[in-house]
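After the structure tokens below, expect a handful of questions from me.
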Amino acid sequence: MIVKKYFFEIVLLLVLSSCNLFKKPIHSENKFSVVNLDTLGTTAKLSEEPLYRASFTMINDIIHTKLDVSFDWAKQYLYGKATIRIKPFFYPTSSLELDARGMEIK
């Protein structure tokens, strides 16, 4: 019965004694030094909008490429056959555009 009566006071006393409320702080010498620096001048740079560099529009996606080639070193020719499997990248398409500069396609 007495323990229940004084239980709250004992817990409160333990909590307060464990805190740093009643302990004196230990002051050592000042660990920090104060240094006065010279004044720096800055200028604001005019912010230009960054140049937008868009990527090429993807119309078709190359799935597989098969090359069957032979070389004519004397004439600097490349004879061959290319088989390309493609699919539309996102939207259905009805045409295909090939960029084959300097080639003779038969």
Handout entry: Whichever hydrophobic residues join Ile84 through chains of side-chain contacts under 4.5 Å
Key =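 Its cluster partners, ordered by chain and number, are Ile62, Ile86, Leu96, Leu98.
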
Problem - Over 12 foreign heavy atoms within 6.0 Å of CD, Glu97 - result: no

Practice task
Assess whether atom CG of Leu40 is packed by more than 12 heavy atoms of other residues, nucleotides or ligands within 6.0 Å.
Solution key: no

Problem - Joint hydrophobic cluster, Leu67 plus Phe71, side-chain heavy atoms closer than 4.5 Å - result: yes

Practice task
Tell me who clusters with Met58, hydrophobic residues only, linked when side chains sit under 4.5 Å apart either directly or through other members.
Solution key: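 Once heavy-atom contacts under 4.5 Å are chained together, Met58 belongs with Phe89, Phe90, Tyr91.
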
Practice task
Only counting residues at least two apart or in another chain, list the ones meeting side-chain contact (heavy atoms from CB on, under 4.5 Å) with Asp38.
Solution key: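 With sequence neighbours excluded, Asp38 shows a side-chain contact (heavy atoms from CB on, under 4.5 Å) to no residue whatsoever.
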
Problem - Nearest heavy-atom neighbours spanning Asn60 and Pro88 - result: OD1-CA, 3.9 Å

